[in-house]
There are 2 protein chains.
Amino acid sequence: MRVLVVEDDRRIAADLERGLRAAGYVVETVGDGEEAWFRGDTEDYAAIILDLGLPGMDGLAVLKRWRANDRRIPVLILTARASWAERVDGIDAGADDYLPKPFRMEELLARLRSIVRRSAGHASSVISIGDITFDERQMRVTVRGSPVALSPLEYRLASYLVLHRGRVVSQHELSENIYGQEDAHDSNAVEVLVGRVRKKLGGELIETRRGFGYIVPGADA
Amino acid sequence: MRVLVVEDDRRIAADLERGLRAAGYVVETVGDGEEAWFRGDTEDYAAIILDLGLPGMDGLAVLKRWRANDRRIPVLILTARASWAERVDGIDAGADDYLPKPFRMEELLARLRSIVRRSAGHASSVISIGDITFDERQMRVTVRGSPVALSPLEYRLASYLVLHRGRVVSQHELSENIYGQEDAHDSNAVEVLVGRVRKKLGGELIETRRGFGYIVPGADA
DNA sequence: TGATCCATGTCAGCGAGCTGTCAGGCCGGG
DNA sequence: CCCGGCCTGACAGCTCGCTGACATGGATCA
């Protein structure tokens, strides 16, 4: 689960990163509005935590620009100025929830869970591609009806690719989302993982785009 | 089984807690509407017992906000003002059942079982899986007809997994629902508990999904 | 008060299987 | 033909969950 933190105060940002990572999120942090807008507009996050007091571009303006561009990523607004009027402004601009500083990490995590869950909506938890079926509820994959045992990492990789089917996913993006570390240590761990998944699910599911990454042919492909 | 009690009268709240705990529930109590809404929106409970006369935010308003956010947790409304009109309001707002004060604890427990069962999709309070039978009302388990003595915690664990069969349940979710919100200190208590339940009920009931959690194979599997 | 039992948490050891690394082979593109 | 990216089999280290043994602590009863 990838989360973008937009916060210019280094100390608070560091606290957030630590807490979120401990809760299992993959965290990226930016400190100014322009950069935040760009990242939020071009990358995929499960949620964005947005501080309102920013240099560069005001947080509310950033949020409004995302919404104007049809970005539906759930946004949790964070601010010291917790007046009621501002809260209304935030909700009007399209925020999904609002948290005044100072806050307890637990509460932030709870609200984050809440908005992520809400935005995940009610998509079916079963995805079928060819004769392969993914069941998120059971964390189980079946090929032609018979269950296949995937290890945790294999499952995460396959699940991520299937969730983003129809799009090329780079090795770097994969390792970020599977391992949650930015360290691009040279290793062929991802390649090995892809190989193992292919052996279990059949070679046609994941295609290689030499030089770019991997893709699961999707509905729009 | 985790239950949220929303009640501002300390005496009644204490009574409820005592009765519910005796019946094997993990109980959390809040006394005002804002807090109730937040908890109900961000935490997972098997059911919520909601008093209508609240400070902060009216009980009905809280309930409506949960439902607007697609929270389907079963809610049992509790109120002194037991007029027929109000009852209709409660049901309209999305309550699952309605209990006028004063009430007898037994009746509350019965209604609670009923709405929990209904929300889990079971018609009766007896659930059979293979040759194992769960009787939620009597808190008894039988294997091939002969009763098996489960300790309170063992029963809670087995019961929670059975109620959510067909879904992978993480160790974390289990310990939350068995012990209440205690900090997840590293401990293998859940693993030990699973082992003990398996020894008594047979090893096939609970499957391990390494790295994810446990699952009781369900009807929809 | 002390003996005893039962429920439950803790700990250490164990084993299966997960996973990163590496070496070598394959293959497509220049 | 070579090069760089990708694949694959082997393997060693390690993680996770299981299990038996023990400690603790509350309840019961003499």
Side-chain angles (χ1 to χ4, degrees), chain A residues 24 139-141 147-161 168-216, chain B residues 18 21-22 24 26 139-141 147-161 168-216:
Chain A
M139 306 274 201
R140 167 168 274 187
V141 183
V148 174
L150 289 189
S151 77
L153 282 194
E154 289 164 9
Y155 185 87
R156 275 204 230 172
L157 180 137
S159 163
Y160 189 84
L161 282 171
V168 173
V169 179
S170 71
Q171 285 202 12
H172 185 253
E173 179 179 349
L174 273 177
S175 77
E176 257 187 15
N177 278 280
I178 293 175
Y179 302 114
Q181 300 156 4
E182 302 256 347
D183 303 327
H185 54 288
D186 55 342
S187 144
N188 68 344
V190 172
E191 291 164 22
V192 173
L193 221 45
V194 168
R196 294 205 249 255
V197 170
R198 277 182 178 145
K199 196 179 293 179
K200 290 184 177 178
L201 300 185
E204 315 85 43
L205 179 68
I206 303 174
E207 290 177 12
T208 302
R209 291 276 189 278
R210 203 185 165 78
F212 296 101
Y214 300 94
I215 182 175
V216 170
Chain B
R18 200 174 326 113
R21 292 225 164 88
V26 175
M139 300 216 287
R140 284 183 73 180
V141 183
V148 174
L150 290 187
S151 78
L153 281 193
E154 288 164 9
Y155 181 83
R156 278 198 215 171
L157 180 136
S159 162
Y160 189 84
L161 282 171
V168 171
V169 180
S170 71
Q171 283 202 14
H172 185 252
E173 179 180 348
L174 273 177
S175 76
E176 256 188 9
N177 279 280
I178 294 175
Y179 302 114
Q181 51 183 172
E182 300 194 5
D183 297 322
H185 46 244
D186 55 344
S187 144
N188 68 344
V190 172
E191 291 164 22
V192 173
L193 221 45
V194 168
R196 285 175 183 146
V197 170
R198 277 182 178 146
K199 198 177 291 179
K200 291 183 177 177
L201 300 185
E204 315 86 42
L205 179 68
I206 303 175
E207 288 178 14
T208 302
R209 292 268 191 281
R210 199 179 215 265
F212 296 107
Y214 300 94
I215 183 174
V216 170

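Quantities reported herein were computed from a predicted structural model and do not represent experimental measurements. FYI, side chains are in, hydrogens and waters are out, and symmetry mates aren't considered; it's all heavy atoms of this structure.
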Take the protein atom [atom1] of [X] and the nucleotide atom [atom2] of [N], then report the distance between them rounded to whole Å.
X: A:Leu193; N: C:dT21; atom1: CG; atom2: C1'; result: 14 Å
X: A:Lys200; N: C:dT19; atom1: NZ; atom2: C1'; result: 11 Å
X: B:Glu191; N: C:dT8; atom1: CD; atom2: P; result: 17 Å
X: B:Phe212; N: D:dG17; atom1: CZ; atom2: P; result: 11 Å
X: A:Leu157; N: D:dC7; atom1: CG; atom2: P; result: 12 Å
X: B:Leu174; N: D:dG17; atom1: CG; atom2: P; result: 12 Å
X: A:Gln171; N: D:dC7; atom1: CD; atom2: C1'; result: 11 Å
X: B:Ile215; N: D:dG17; atom1: CD1; atom2: C1'; result: 17 Å

Spatial distance of atom [atom1] ([X]) from atom [atom2] ([Y]) [nearest 0.5 Å]:
X: A:Tyr179; Y: A:Arg156; atom1: OH; atom2: CZ; value: 9.0 Å
X: B:Ile215; Y: B:Arg209; atom1: CD1; atom2: CZ; value: 5.0 Å
X: A:Leu205; Y: A:Lys200; atom1: CG; atom2: NZ; value: 14.0 Å
X: A:Leu157; Y: A:Arg196; atom1: CG; atom2: CZ; value: 11.5 Å

Using a heavy-atom cut-off of 4.0 Å across all strands, would you classify A:Tyr214 as base, sugar-phosphate, or nothing?
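Sugar-phosphate, backbone atoms only, no base.
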
Could you tell me whether A:Val192 contacts a base, only the sugar-phosphate backbone, or nothing, with contacts defined as non-hydrogen atoms closer than 4.0 Å?
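Base: the residue A:Val192, judged by heavy atoms under 4.0 Å, touches a nucleobase.
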
Is the shortest side-chain N/O distance from B:Thr208 to OP1 or OP2 of D:dC18 below 4.0 Å?
yes

At less than 4.0 Å, is any side-chain N or O atom of A:Tyr179 found next to OP1 or OP2 of C:dG20? Yes or no.
yes

Has the side chain of [X] got a donor or acceptor atom sitting under 3.5 Å from an opposite partner on the base of [N]?
X: A:Arg210; N: D:dC6; answer: no
X: B:Arg198; N: D:dG17; answer: no
X: B:Arg209; N: C:dG17; answer: no

Nearest-nucleotide comparison on DNA chain C, the residue closer to the 5′ end among B:Ser151 and B:Asn188:
B:Ser151

Ranking B:Leu153 and A:Val190 by the position along DNA chain C of their nearest nucleotide, the one closer to 5' is B:Leu153

Take A:Arg196 and B:Lys199, find for each the nucleotide of DNA chain D with the closest heavy atom, and name the residue whose nucleotide sits nearer the 5' end.
A:Arg196

Could you go through A:Val148 and A:Glu154, starting from their C-alpha distance and side-chain angles, then the distance that decides it, and tell me whether this counts as side chain to side chain contact (heavy atoms under 4.5 Å, CB included)?
CA-CA 11 Å; A:Val148 174; A:Glu154 289 164 9; over 6 Å; no

